[in-house]
Amino acid sequence: MLRMSTLLLRTLRDDPSDAEVASHRLLVRAGYVRRIAAGIYSWLPLGYITYRNIEKVIREEMDAAGFQEVHFPSLLPREPYEETNRWTEYGPDLFRLKDRKGNDYLLGPTHEEMFTLMVKGEFSSYKDLPLSIYQIQTKYRDEPRPRSGIIRGREFVMKDSYSFDVDDAGLELSYQRHRDAYIKTFNRLGLEFNIVSAMSGAMGGSKSEEFLAPCTTGEDTYVLCEKCGFAANVEAMVTKVEPFSGSEPGAMEVFDSPNTPTIDSLVDLYNTKFGASITGAETLKNVLLIADGQAIAILVPGDREVDLKRVGANLAGVKELRLFEDEDFAKYPGLVKGYVGPQDADKFGIKVYADPRITIGSPWITGANEKNKHARFAVHGRDFKAISFVESAEVKAGDSCPSCSAPVVIDRAIEIGHIFQLGRKYAQALGLTVLDQNGKAQVVTMGSYGIGVSRAVAAVAEQTHDEIGLNWPREIAPAQIHLVAAGKDDSIFAYAEKLAIDLEAAGLTVLFDDRREASAGVKFKDAELIGIPFIVIVGKGLAEGNIEFRIRNSGDKFEFASDSAVQEILSTLNS
RNA sequence: CGGGGCGUAGCGUAGUGGCUAGCGCGCCUGCUUUGGGAGCAGGAGACCGGGAGUUCGAAUCUCCCCGCCCCGACCA
């Protein structure tokens with residue numbers, strides 16, 4: 001039993017000034033967490049119980065799926081990460097340190113290497129596979145910008161699993177088993193979520209899905225089709241286009257277009273000059289980028305911006321992508337800012353990629369690579385040619401769903417889980433092979449599956465809180481019953497004390513507000529802030545033989561007879 | 001890393017060159033109160049983020065540093 005009179009807890013009346021999002025504000029105010037440094041938090045008793053409840057659900061579902069729990073150190077030597085090149089690749093996000101002898105160590109940001117090496121050290125036969133193992137461990141990433149309280153920290157707890165299979169079919173099976181276990185887990189946690197297809201990074205292109213918990217303060221943007229249920233990461237959204245069916249226009253024609261460096265100004269001039277009524281969607285925007293030092297051009301319709309994340313995710317092999325700056329224009333005197341067109345790309349030695357909307361055969365109004373001049377009737381395939389199509393334009397609400405063509409909506413969410421088929425990258429790098437039936441060494445194929453455990457606490461808080469406080473689902477609340485003794489009479493406290501003991505004996509967990517000095521109002525406010533799902537009040541009604549029972553979530557209130565309180569509470573909870 | 005903001009007691013804040021740094025919440029003592037963040041009285045608690053400088057005098061002005069928050073870039 002938790003007693004408020006002795007609990008290490010001080011609720012705050014005011015929002016902390018450094019907290020913005022609801023989960024952060026309320027977890028601090030309700031005395032669940034305290035900030036230690038940017039992105040680093042301590043858990044107080046109420047918070048740690050809640051955290052452990054979430055961990056318990058996750059562990060139970062992993063075990064039920066037949067995955068085995070292991071545990072690795074957080075403090076790791078450099079060597080394994082050197083073998084996979086991540087000591088270098090991970091860059092400044094890696095917390096690095098040296099021991100007294102000057103050897104390099106790191107605080108694990110993720111543990112692919114350790115898992116792979118553990119299996120390599122023990123198993124060597126195809127008969128040992130498939131295998132799925134997991135750990136729940138603190139991870140460290142020196143994020144450029146920790147934010148939103150415990151949603152994105154530099155220290156956080158993650159449940160990460162890895163599957164090991166001999167072949168792709170086995171990997172697919174292991175992947176599905178994890179997917180199913182994740183669905184069960186998040187349902188038990190009371191989280192609303194969508195499973196969206198995601199990009200697993202430019203190389204590989206293997207299967208990857210994210211579990212996203214919708215909430216306005218989430219930092220992930222995704223596309224959702226409310227009609228057919230299609231959901232995708234913005235990066236993975238596929239543009240639905242029809243082949244161009246219009247007739248081929250006359251030859252490309254350059255026209256004077258003074259002072260039209262922007263799409264809007266170009267549209268105005270064009271409509272006036274030619275008595276037309278075009279929109280930005282009929283103009284072609286040529287956005288120049290530097291991709292790993294190389295100049296490239298991205299073609300998108302003029303009414304859309306280029307989404308650099310989408311370009312980066314869809315342009316195979318590109319690591320660094322940035323917009324052209326003035327000094328880049330200086331290197332290409334033929335390219336006139338505001339009047340760039342794709343017709344002369346070969347001449348300038350610039351690779352051109354087109355958004356799928358720039359269909360073959362479609363005519364466009366675009367820059368003429370000369371100041372104050374544009375060209376019209378520029379036909380893709382005739383007057384200019386892209387090397388390939390690349391998803392580049394920003395996704396907008398109302399775009400067509402790739403599977404059913406209905407208009408999609410755009411929503412924000414917190415990424416609470418990510419599953420993907422890693423393939424053989426780590427097994428290859430670290431030499432994890434097993435002998436097959438023919439005695440031949442086969443590189444093992446792996447899957448990787450993560451759940452943000454500490455983040456899940458915040459995600460649930462985000463999705464369930466209201467104006468007055470937290471509001472936990474029953475399975476993860478720090479207690480199931482918040483019992484308030486409201487009054488000064490000894491009989492109230494004596495009765496409440498017995499009720500608390502009886503409720504615990506009946507298998508419920510109880511937070512008992514047994515403070516003598518606090519007023520009823522304070523206790524009610526605290527109960528609402530702390531967010532335990534059921535609140536029992538022993539107070540003025542006791543004299544008439546009644547206690548009060550409230551449901552935090554709905555606000556419903558009931559009167560129960562004090563002499564049958566335990567039974568009535570139990571039957572209400574079970575109904 | 002770019003842009004913006006902030007740093008005064010456990011929390012929220014006032015104080016833009018001048019007396020002993022003020023207020024609310026919380027905390028301690030006493031009395032009163034007791035179903036919606038109680039009242040009165042008394043009290044403890046602050047290297048005003050750090051350093052250097054300007055000045056008779058600095059929380060307040062200048063410079064440097066550190067930390068924190070927000071937007072963006074970034075994010076297995």
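Sequence lines set the chain letters: A, B, ... in the order given, protein chains first and strands last, and positions in each chain run from 1. It should be emphasised that the depicted structure is a prediction, and the values quoted were computed from it without experimental measurement.
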Between A:V522 and A:G450, whichever has its closest RNA chain B nucleotide further toward 5' is A:V522
Please report the distance separating the P of B:rU8 from the corresponding atom of B:rC69, rounded so that it comes out in whole Å. 14 Å
For A:E143, enumerate each residue passing the side-chain contact (heavy atoms from CB on, under 4.5 Å) test, keeping only those at least two apart in sequence or located in another chain. A:R141, A:P146, A:R152, A:R154
Listed by chain and number, what are the ring-ring contact (aromatic ring centres under 6.0 Å, His included) partners of A:F524, not counting sequence neighbours? none
Taking the P atom in each of B:rG51 and B:rU60, what is the distance between them to the nearest angstrom? 12 Å
So A:Y41 and A:H24, would you call those rings parallel, tilted or perpendicular, with 30° and 60° as cut-offs? perpendicular
Pairs involving residues 519-532 of chain A, ordered by first then second residue, that meet salt bridge (charged side-chain N to carboxylate O under 4.0 Å, His left out) (sequence neighbours left out): A:R515-A:D526
Quick check: do A:L224 and A:V196 have side-chain heavy atoms less than 4.5 Å from each other? no
Identify whether any heavy atom of A:S448 sits under 4.0 Å from a base atom; if not, whether one sits that close to sugar-phosphate; answer base, sugar-phosphate or nothing. nothing
Let me have a per-nucleotide readout for nucleotides 66-73 of chain B, 5' to 3', with B, S or -, counting only protein heavy atoms under 4.0 Å. --SSBBBB
Counting only N and O atoms by type, is there a donor-acceptor contact under 3.5 Å from the side chain of A:Y449 to the main-chain atoms of A:Q421? no
Output the rounded distance in Å from NZ (A:K525) to P (B:rG37). 7 Å
Contacts of A:F558 that satisfy ring-ring contact (aromatic ring centres under 6.0 Å, His included) - sequence neighbours left out: none
Looking only at the side chain of A:A520 (C-beta and beyond, no hydrogens), which of the listed nucleotides B:rG35, B:rG26, B:rG36 gets closest? B:rG35
In whole angstrom, give the distance that lies between atom CD of A:E517 and atom C1' of B:rA38. 14 Å
ring-ring contact (aromatic ring centres under 6.0 Å, His included) partners for A:Y48, two or more places apart: A:Y51
What integer number of Å spans the C1' atoms of B:rC6 and B:rG42? 36 Å
Members of residues 545-557 of chain A that approach RNA chain B, where some heavy atom sits under 4.0 Å away: A:E548, A:R550
Side-chain donor or acceptor of A:S562 paired with backbone N/O of A:I547 under 3.5 Å: no
Rounded interatomic separation in angstrom, taking CD from A:E210 and C1' from B:rC75: 11 Å
Sequence neighbours excluded, every pair satisfying salt bridge (charged side-chain N to carboxylate O under 4.0 Å, His left out) that has a member inside residues 27-50 of chain A: A:D15-A:R29, A:D18-A:R35
In RNA chain B, stems of three or more consecutive pairs, Watson-Crick or G-U, each with both distances under 3.5 Å, turn out to be B:1-7 with B:66-72, B:10-13 with B:22-25, B:27-32 with B:38-43, B:49-53 with B:61-65
P gap between B:rC31 and B:rC19, integer Å: 39 Å
Between C1' of B:rG26 and CG of A:L12, the distance in whole Å: 9 Å
Integer angstrom distance from the C1' of B:rG22 to that of B:rG4: 30 Å
Contact list for residues 451-465 of chain A, test salt bridge (charged side-chain N to carboxylate O under 4.0 Å, His left out), sequence neighbours left out: A:E219-A:R455
Under a 4.5 Å cut-off applied to non-hydrogen side-chain atoms, are A:L2 and A:L46 in contact? yes
Side chains of A:D165 and A:S174: donor-acceptor distance under 3.5 Å anywhere? yes
P atom, B:rG18 versus B:rC64: distance in rounded Å? 25 Å
Atom CZ of A:R515 to atom C1' of B:rU33: distance rounded to whole Å? 17 Å
Grab the CZ-P distance between A:R34 and B:rG10 for me, whole Å please. 13 Å
Heavy-atom protein contacts under 4.0 Å, nucleotides 43-48 of chain B, coded B base, S sugar-phosphate only, - none: ------
Just call it for A:E528: base, sugar-phosphate, or nothing, with non-hydrogen atoms closer than 4.0 Å on any strand. base
Within 45° of the axis and under 6.0 Å from the centre of the six-membered ring of A:W472, does NZ or CZ of A:R552 qualify? no
Using the C1' atom as the reference point in each nucleotide, state the distance between B:rG45 and B:rC28 in Å, no decimals. 10 Å
If you compare all heavy atoms of A:F493 against all heavy atoms of A:D514, which two are closest, and at what distance to 0.1 Å? CE2-O, 3.6 Å
Nearest-Å distance, CZ (A:R13) to P (B:rC23)? 18 Å
Please collect all salt bridge (charged side-chain N to carboxylate O under 4.0 Å, His left out) contacts where either partner lies in residues 306-317 of chain A, sequence neighbours excluded, each pair once. A:R310-A:E391
For atom CG of A:D15 and atom C1' of B:rG10, their distance in whole Å: 16 Å
Atom P, compared across B:rC25 and B:rG17: separation rounded to whole Å: 30 Å
Base, sugar-phosphate, or nothing: which does A:I537 touch, judged by heavy atoms less than 4.0 Å apart? base
Nearest-neighbour nucleotide for the A:D14 side chain, B:rG36, B:rG24, B:rG37 considered: B:rG24
